[in-house]
> 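Please see the structure below; I have some questions.
Note that the structure is a prediction, hence the values are computed from the model and not measured. Every chain is numbered from 1 and lettered A, B, ... according to where its sequence line falls, protein lines coming before strand lines.
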Protein chains: 4
Amino acid sequence: MKTRDRIMLGALELFNERGEPNVTTNHIAAHLSISPGNLYYHFRNKEQIIDAIFDGYTSALKNSFSPKDRYSSEELLAYLDAIFLLMWRYRFMYANLPDILSRDEQLQEKYLAAQEISHRNIMTLLESFRESGLLSAGVKEMQSLANTLKLVITSWVAFQTVQAPGAKITKSVVYQGVLQVLAVVKPFTTGLGKQRVMELESHYDDHLQEDLV
Amino acid sequence: MKTRDRIMLGALELFNERGEPNVTTNHIAAHLSISPGNLYYHFRNKEQIIDAIFDGYTSALKNSFSPKDRYSSEELLAYLDAIFLLMWRYRFMYANLPDILSRDEQLQEKYLAAQEISHRNIMTLLESFRESGLLSAGVKEMQSLANTLKLVITSWVAFQTVQAPGAKITKSVVYQGVLQVLAVVKPFTTGLGKQRVMELESHYDDHLQEDLV
Amino acid sequence: MKTRDRIMLGALELFNERGEPNVTTNHIAAHLSISPGNLYYHFRNKEQIIDAIFDGYTSALKNSFSPKDRYSSEELLAYLDAIFLLMWRYRFMYANLPDILSRDEQLQEKYLAAQEISHRNIMTLLESFRESGLLSAGVKEMQSLANTLKLVITSWVAFQTVQAPGAKITKSVVYQGVLQVLAVVKPFTTGLGKQRVMELESHYDDHLQEDLV
Amino acid sequence: MKTRDRIMLGALELFNERGEPNVTTNHIAAHLSISPGNLYYHFRNKEQIIDAIFDGYTSALKNSFSPKDRYSSEELLAYLDAIFLLMWRYRFMYANLPDILSRDEQLQEKYLAAQEISHRNIMTLLESFRESGLLSAGVKEMQSLANTLKLVITSWVAFQTVQAPGAKITKSVVYQGVLQVLAVVKPFTTGLGKQRVMELESHYDDHLQEDLV
DNA sequence: GATGAATGAGGATTCATTCAT
DNA sequence: GATGAATGAATCCTCATTCAT
């Protein structure tokens, strides 16, 4: 693997583990057994490392989450899993978002762009559900449902981190997040939709014990 | 005002404005035109200042938000306002929660205790709504509704801060938060409840332009 | 007791316990439950407190240790005890002497004057021993014997403190100091003197177990 | 010279000159015209600098002072010189020993280990003297002689520093220390030993005027 | 005599970043 | 590409001392 990529990965790892403010550039270098000078050869500064990590997040968002027209139950399941796993992989960001963004105007803009994408993705998805007769809601309701979903998705991991201090977060926590999302959507589902939701729910209930690798 | 209180207020002000990690004890002292020594005369360290501020938050939570049995529309309105204003006054915390808590074990515990209170308050409130026939939901639904509400309430301010970077947050943002809460509750309301919600909604829609003092 | 005296005693206590550099004027005040302002009402500064304590030491040296012409075994015993107890009571000084004196010229002079007294006392004592036929030594030998004794006496307590870190110093340590002094003197004793020394030695050997109050 | 070594030497110099408590890490850095950051690049903290200096002292003790079986007068002379010069080079330690050790548990242990070495060295030396018929003393006498010697050697420099305040310490002071040691040993010498001692004494008497480089 | 809030210079230490090699 | 020594501003905090009451 290229040094540049190793730095991004190592930094991400440490940021998630200890929180970005507690990870110095020297920590990162030491963690990878490279020199600080080398780190700064590949990145102008710490900000840029975070920026690059964020780009990884954004492109994952773009590539893996552009919603399709139609989802089988299995696909939907995988989709929801993937979203929460994404949040989990970049959880350090959501632990400090206002602070990180306030330091870096460029990132702030990137973040807003990413938000747009997320919002569109969610809306498209909801729309497609409505069209397939799974969901029944007015325009305004759809909007605020989308907002609530964004809130739940982005806050879930940080929120959980804070609830159970030292505890290693397990897959079960991520799954609970999915269940929370389902619970938010449920009141707006049609009979058919409700069935689909319940299928998903029972699936996750079954896997609530598993640990996160 | 006592110096100790001035420190707490000044610190809160700066924390909210610039983010806790960007505010040094010397900044606080300078902001109040007192010496750093004086600041440390009243507080052992920065942690203790945050702790004291948090205690203010907790006691507000305890004193002003123990829910009553029955609410008139006006009361409910005031109640929701007050909650979001509380979040707004202590928004610095929610901007960095995982980081702040990880540094201070004692605070972590206090936080969990405060969470308990919040959760109980919300549950009591929802329960009373159900009993007055405003809400209709099963036990599990009530639980996850409560969770969503907690999430929306605690994340809203931070979330909004991040959406609109430099922009001063206005009362309208807080009001939008209330509307978001109402939207989350709405699907679970009875006909009577739905009416109440719509009254509230129209009230907030009217005030959405106002600025925050 | 007068506040001024309480301060001196409290300070002495803390100095001995924790070492002078680790005791702040606020510690002393808190220890006595008085205000720092009050402490500074009675003493211009920390230096002056040390000075005053030192005066206590000097006057003890002057009053209780001006040697008499003739000593019974019991008296000699009491005398030696008293000297080492004096060292013990003011042990904080000897733990940091060069540093303490370098900060305070006036004290430095007082110290030299006290040294003079000690030296004279020791010489007078040795002289009287020689005259009573207990000791046999030339002038030069007496001088260097006196020097060695001063060294042993003043260094003993500090030296022991350092040997056994946390250990509370007991009377036995002080007694060992006396035995060390006797061992230094012994080679210069006459037959008669040797007998006296051995009497004293056996006395201290018997009490080596006791603890210091 | 390596920066790390320059720091150790510069610190040693300043510690000896002004006393360890009066020398800040910034003083040391300024004295060497390096940045404080650089100093902390090489040492984690002030304690570690002292530790490293102490290691130098210990290794000198180990390497240069393991006693041989037999000493010519010249060798003995050089040996005694060297010991006092060692004390002189690390005199800052003995000026504050209890305080320095109480702050640093690890150093305390190192110190006790070093003490052991010193004690063994002295005992071996005395033993060899006895075997060559220079010394005549019983087991108990040897023990307390060794103790007195340790006391005299370790206290001498500090003791002298305190006697003559501002005065630069000269070689003569160190030589007087050697003479003091000789005076302590003398009463236990045989005729042959006494001769050896007197040779040494006259040697040092001749050099008492010289200044220390 | 006594209080206790207030001062401010100074201390140890950190860390993003640079730069000669 | 890489090293690692070096920088220096900034951080949190201490403590002898002062002063209004």
> If each of His27(B) and Arg44(C) is mapped to the nucleotide of DNA chain F with the nearest heavy atom, which maps nearer the 5' terminus, i.e. the 5' end?
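The residue whose closest nucleotide sits nearer the 5' end is His27(B).
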> Below 4.0 angstrom, which residues in residues 33-43 of chain C have at least one non-hydrogen atom near DNA chain E?
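Listed by number, they are Ile34(C), Ser35(C), Pro36(C), Gly37(C), Asn38(C), Tyr41(C), His42(C).
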> Nearest whole Å is fine: how far is dA2(F) C1' from Leu32(A) CG?
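Atom CG in Leu32(A) sits about 14 Å away from atom C1' in dA2(F).
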> Over 60° means perpendicular and under 30° means parallel, so classify the ring planes of Tyr57(A) and Tyr94(A), tilted if in between.
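Correct class here is perpendicular.
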> Between Asp51(A) (CG) and dA16(E) (P), how many Å, whole number?
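It works out to 16 Å between those atoms.
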> Is there side-chain contact between Glu13(A) and His31(A), with at least one heavy-atom pair below 4.5 Å?
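Glu13(A) reaches His31(A) side chain to side chain.
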> Once you round it to whole Å, what is the distance between C1' of dA2(F) and CZ of Arg6(A)?
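Taking atom C1' of dA2(F) as the reference, CZ of Arg6(A) is at 12 Å.
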> Under a 3.5 Å cut-off for both distances, is dT14(E) Watson-Crick or wobble paired, and to whom?
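For dT14(E), the partner nucleotide comes out as dA9(F), under the 3.5 Å rule.
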> Heavy atoms within less than 4.0 Å of DNA chain E: which residues of residues 15-26 of chain A have one? Give them sorted by number.
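Residues of residues 15-26 of chain A that come under 4.0 Å of DNA chain E are, in numerical order, Thr24(A), Thr25(A).
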> Send over the distance from Asn45(B) CG to dT11(F) C1', rounded to a whole Å.
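Those two atoms, CG and C1', are 13 Å apart.
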> On DNA chain E, nearest-nucleotide positions of Thr3(B) versus Lys2(C): which is more 5'?
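Nearest-nucleotide comparison on DNA chain E picks Lys2(C).
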> From CD1 of Ile49(D) over to P of dG11(E), roughly how many Å is that when rounded to an integer?
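Taking CD1 of Ile49(D) and P of dG11(E), I get 14 Å after rounding.
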> If I take atom CD in residue Gln48(A) and atom P in nucleotide dT18(E), what distance separates them, rounded to the nearest angstrom?
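Atom-to-atom, Gln48(A) to dT18(E), this comes out as 11 Å.
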> Just wondering, do Met93(A) and Ile50(A) contact through their side chains at under 4.5 Å, heavy atoms?
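Not touching, per the 4.5 Å side-chain cut-off.
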> Tell me the closest heavy-atom pair linking Leu39(A) and Ile7(A), and the distance in Å.
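Distance-wise, the nearest heavy atoms are CA-CD1, 3.8 Å.
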> Would you check if Asn22(B) and His27(B) make a side-chain contact, meaning some heavy-atom pair closer than 4.5 Å?
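They are not in side-chain contact.
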> Please report the closest heavy-atom contact between Asn96(C) and Pro21(C), naming both atoms and the distance.
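Where Asn96(C) meets Pro21(C) most closely, the heavy atoms are ND2-CG, 3.4 Å.
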> Which heavy-atom pair separates Ile34(C) from Arg6(C) by the least distance, and what is that distance?
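Answer, listing the atom of Ile34(C) first, then Arg6(C): CG2-NH1, 4.1 Å.
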> Are any non-hydrogen side-chain atoms of Lys2(A) and His42(A) less than 4.5 angstrom apart?
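Answer no - side chains too far apart.
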> Starting from P on dT14(E), measure out to CD1 on Ile28(A) and report it in whole angstrom.
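Interatomic distance, CD1 of Ile28(A) to P of dT14(E): 18 Å.
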> With a 3.5 Å limit on both atom pairs, tell me what dT21(F) is paired to, counting Watson-Crick and G-U wobble, or say none.
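Across any shown strand, dT21(F) pairs with dA2(E).
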> Against Phe92(B), only a single residue in Leu14(B), Ile53(B), Leu97(B) fulfils side chain to side chain contact (heavy atoms under 4.5 Å, CB included); can you say which?
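Exactly one candidate clears the test, Ile53(B).
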